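Notes follow the structure.
Predicted model only: the values in this text are computed from it and were never measured.
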Amino acid sequence: MTDDAPELRASDADRERVAEVLRDALAEGRLDMEEFEERLEATYKARTYGELTPITRDLPAHAAGTGAAPAVSMRKEPVGSGSWADRIVGGEGSSAGAAAIMSGFQRKGRWTVPRRFTCFAFWGGGEIDLREANFADHEVEISCVAIMGGMQIVVPPGVEVLVRGFGIMGGFDHREDGAPAEPGAPRVIVSGFAFWGGVGVERKITREERQRLKERRRQERLDRRAERRELHEARHELRERRHEEREHRRYGER
């Protein structure tokens with residue numbers, strides 16, 4: 001496990017795996033109801049692997065019959081392929097540059113960013129949106145010259161950004177400079193200069209991804225409600241079972 005693994009964000013599937021182990025432990029008598037409820041609540045509140053790992057550390061692997069191994073592995077394997085690998089496509093790129101003179105330009109949607117993209121704005125502006133873009137290489141450079149104009153560069157989460165531009169009575173946005181990158185993600189270098197103008201850099205998810213996150217949060221709320229119902233039913237069944245056992249012992253003694 002890498003040193004930063006505990007800080008990695010946990011997914012819904014990770015939390016559900018831990019919750020399943022807790023249910024098994026309750027059924028096997030390894031946890032009582034109070035412990036189960038406390039750990040389950042901590043599971044659904046957990047946001048990172050570091051918060052999830054201790055919850056099942058003292059429980060054996062399911063169906064293994066021994067306590068030799070942790071019940072749930074919180075190891076994040078390196079990414080060898082996937083979305084970023086699929087988006088670094090090589091080639092020359094869709095276009096080498098863009099210009100806006102008392103006008104504007106856009107590069108957005110499905111397009112391929114070349115190794116070097118040059119853009120110029122004079123009394124105008126431009127938008128360079130990389131959220132759905134492919135990349136000609138692992139490292140691309142966007143060179144911006146903004147004179148009494150402005151440009152906005154939008155990058156998706158996970159991309160590494162290095163800002164090397166400067167401003168003369170203007171400015172370059174350095175807020176995203178040096179943010180941690182995801183494994184396999186491309187690097188975007190923003191260079192150039194702004195004179196009485198500016199170049200902004202921001203991270204945004206796509207509208208589709210925002211909708212997916214909204215639906216995920218809605219599903220999480222529904223899952224928590226269902227979990228609370230299951231807890232209530234399990235607690236009721238446990239009380240009934242204990243009552244039956246007490247009655248059985250009482251009448252058995254007679």
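- Residue Glu35 holds its CD atom at 8.0 Å from CG of Asp58, rounded to the nearest 0.5 Å.
- Side-chain contact between Arg15 and Glu51 is absent, with no heavy-atom pair separated by less than 4.5 Å.
- A single hydrophobic cluster is seen to contain both Phe120 and Phe166, as judged by linkage of ILVMFWY side chains at heavy-atom distances under 4.5 Å, directly or through other members.
- Remark: Arg23 pairs with Glu16, Ala19, Glu20, Phe36, Tyr44, Glu227, Glu230 by the side chain to side chain contact (heavy atoms under 4.5 Å, CB included) rule, at least two apart or across chains.
- When side chains are defined from C-beta on, Ile142 counts as touching Leu130, because their heavy atoms get closer than 4.5 Å.
- Evaluation of the ring-ring contact (aromatic ring centres under 6.0 Å, His included) rule for Phe117 yields Trp111 as partners, not counting sequence neighbours.
- Scored by the side chain to side chain donor-acceptor pair (under 3.5 Å) test, Ser191 finds Glu141 as partners (sequence neighbours excluded).
- Rounded to the nearest 0.5 angstrom, Phe135 CZ and Trp84 CH2 are separated by 5.5 Å.
- Side-chain atoms of Phe195 and Val145, non-hydrogen and from C-beta on, never get closer than 4.5 Å to each other.
- Residues satisfying the side chain to side chain donor-acceptor pair (under 3.5 Å) criterion with Asn134, sequence neighbours excluded, are absent altogether.
- Listed by chain and residue number, Leu162, Val163, His174 satisfy the side chain to side chain contact (heavy atoms under 4.5 Å, CB included) test with Asp177 (two or more places apart in sequence, or in another chain).
- Using a 4.5 Å heavy-atom threshold, the side chains of Val199 and Asp173 count as separate.
- The existence of a salt bridge linking Lys45 and Glu41 is confirmed by a sub-4.0 Å separation between a basic side-chain nitrogen and an acidic carboxylate oxygen.
- By the side chain to side chain donor-acceptor pair (under 3.5 Å) test, Ser103 is found to be paired with no residue, residues two or more places apart in sequence or in another chain being considered.
- Considering only heavy atoms from C-beta on, Cys119 comes within 4.5 Å of Met151 through its side chain.
- Two residues are said to be in side-chain contact when any heavy atoms from C-beta on lie closer than 4.5 Å; Gln152 and Glu202 meet this criterion.
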